[in-house]
Amino acid sequence: MPPDGFYRYAVGVGGNLGNVPATLARAADLLTADGMVTISARAPLIETAAVGGPAQQPAFSNGAWLVSTRLGPHQLLHRLQNIESACGRVRTVRWGPRTCDLDLLLREDGLIVASPVLTVPHPRLCERAFVLEPLAAIAGAWRHPLAHATVAELAGKIRK
């Protein structure tokens, strides 16, 4: 446990169905409602074409949040997935359209998790500009423990 008792996580946020900013505002309210999680920074949303999944789906709005909590990574993942469901996400097609997507990306202290239900850092973090760009805006100095580079460095490489 860190000295103050709180872990800081990066969460990728987005969606491409309905009013995404309103849905993400609701997701933030649900995430912080009981005081177990606080959001300390929010990157502006960027619009990008869908990556993978069915053809002809709407563009995505993507962003990132930094959150502080005493929850462990699996507990936080469970909470994020419950919030996705509460915000209307239905998992039918991999990488398909969705109202709300909340992905656990990275923990500030470099924790590595490889379990059947969770991988931290997110396994495709280094490949996705739509994740790295917003994350670099709010956590550019955070280090990816496997890529041995900062988020800002990774975002710079993917822009080239």
Side-chain angles (χ1 to χ4, degrees), residues 1-16 20-21 23-48 50-52 60-87 89 91 95 98-159:
M1 189 66 82
D4 65 359
F6 288 90
Y7 297 109
R8 290 189 355 137
Y9 295 91
V11 176
V13 303
N16 69 340
V20 174
T23 301
L24 293 177
R26 179 167 183 249
D29 288 345
L30 292 169
L31 183 61
T32 60
D34 65 2
M36 292 285 297
V37 179
T38 59
I39 300 174
S40 58
R42 299 175 199 220
L45 295 176
I46 61 171
E47 189 169 300
T48 61
V51 174
F60 273 83
S61 293
N62 292 292
W65 299 338
L66 298 185
V67 303
S68 297
T69 183
R70 286 189 166 95
L71 298 174
H74 287 89
Q75 294 169 303
L76 182 56
L77 174 68
H78 182 71
R79 180 177 278 229
L80 294 173
Q81 289 174 335
N82 285 340
I83 292 168
E84 287 176 337
S85 294
C87 289
R89 179 165 183 179
R91 294 176 186 270
W95 298 327
R98 50 198 166 261
T99 57
C100 181
D101 192 20
L102 304 174
D103 288 333
L104 189 50
L105 302 174
L106 189 63
R107 198 162 88 177
E108 184 180 30
D109 65 2
L111 175 77
I112 297 170
V113 177
S115 80
V117 296
L118 176 63
T119 303
V120 176
H122 190 284
R124 289 170 297 284
L125 175 61
C126 296
E127 304 164 12
R128 295 188 165 168
F130 66 86
V131 176
L132 287 169
E133 292 288 335
L135 186 56
I138 58 173
W142 285 26
R143 294 194 67 77
H144 189 293
L146 301 174
H148 305 291
T150 66
V151 170
E153 290 166 343
L154 294 170
K157 288 179 187 174
I158 208 162
R159 279 187 220 121

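Taking CG from Asn62 and CG from Leu135, the interatomic distance works out to 12.0 Å, rounded to the nearest 0.5 Å. To the nearest 0.5 angstrom, Ile138 atom CD1 is 3.5 Å from Leu66 atom CG. Here the CD1 atom belonging to Ile83 is positioned 11.0 Å from the CG atom belonging to Leu24, to the nearest 0.5 angstrom. Distance CZ/Arg128 to CG/Leu154: 14.5 Å, rounded to 0.5 Å. Residue Leu80 holds its CG atom at 11.0 Å from OG of Ser85, rounded to the nearest 0.5 Å.
Shown here for Thr23 and Cys100, the closest heavy-atom pair between the two residues is CG2-CB, 3.9 Å. Closest of all the heavy-atom pairs between Arg143 and Thr150 is NH1-CG2, 3.5 Å. Closest approach of Pro121 to Leu111, counting heavy atoms only: CD-O, 4.1 Å. The nearest pair of heavy atoms linking Ile158 to Ala129 is CD1-N, 3.5 Å. Annotation for Gly14 and Val20: closest pair C-CG1, 4.2 Å, computed over non-hydrogen atoms. Contact detail for Tyr7 and Leu71: the closest heavy-atom pair is CD1-O, 3.7 Å.
Proximity of Leu102 to Cys87: side-chain heavy atoms (C-beta onward) are nowhere separated by under 4.5 Å. Residues Pro145 and Leu106 form a side-chain contact, since some pair of their non-hydrogen atoms from C-beta on lies under 4.5 Å apart.
Just one residue in the list Trp142, Tyr9, Phe6 forms a side chain to side chain contact (heavy atoms under 4.5 Å, CB included) with Glu108, and that residue is Trp142. Paired with Val120 under the rule side chain to side chain contact (heavy atoms under 4.5 Å, CB included), one option of Leu104, Leu125, Ile112, Leu105 passes, and it is Leu104.
Residues satisfying the salt bridge (charged side-chain N to carboxylate O under 4.0 Å, His left out) criterion with Arg42, sequence neighbours excluded, are absent altogether. With sequence neighbours left out, the side chain to side chain contact (heavy atoms under 4.5 Å, CB included) criterion links His74 to Val113, Ser115, Val117, Leu118. In this structure, Glu153 has no salt bridge (charged side-chain N to carboxylate O under 4.0 Å, His left out) partners at least two apart in sequence or on a different chain.
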TODO: Using the side-chain contact (heavy atoms from CB on, under 4.5 Å) rule, take Leu31 and Val11 through it: C-alpha gap first, then chi angles, then the decisive distance, then the call.
DONE: CA-CA 11 Å; Leu31 183 61; Val11 176; 5.8 Å; no

Open item on the list: side-chain contact (heavy atoms from CB on, under 4.5 Å), that's the test. Do Arg79 and Asp34 meet it? Break it down for me.
Closed with: CA-CA 12 Å; Arg79 180 177 278 229; Asp34 65 2; 2.7 Å; yes

Task: Pair Arg124-Asp103, salt bridge (charged side-chain N to carboxylate O under 4.0 Å, His left out): steps then yes or no - done: CA-CA 11 Å; Arg124 289 170 297 284; Asp103 288 333; over 6 Å; no

- [ ] Applying side-chain contact (heavy atoms from CB on, under 4.5 Å), run through Val131 and His122 and close with a yes or a no.
- [x] CA-CA 10 Å; Val131 176; His122 190 284; over 6 Å; no

Open item on the list: Working note: Leu76 + Val67, criterion side-chain contact (heavy atoms from CB on, under 4.5 Å); need CA distance, chi angles, decisive distance, verdict.
Closed with: CA-CA 10 Å; Leu76 182 56; Val67 303; 4.2 Å; yes

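For the pair Arg70 (side chain) and Met36 (backbone), a donor-acceptor distance under 3.5 Å is absent. A donor-acceptor pair under 3.5 Å is absent between the side-chain atoms of Asp101 and the main chain of Val13, judged by distance alone.
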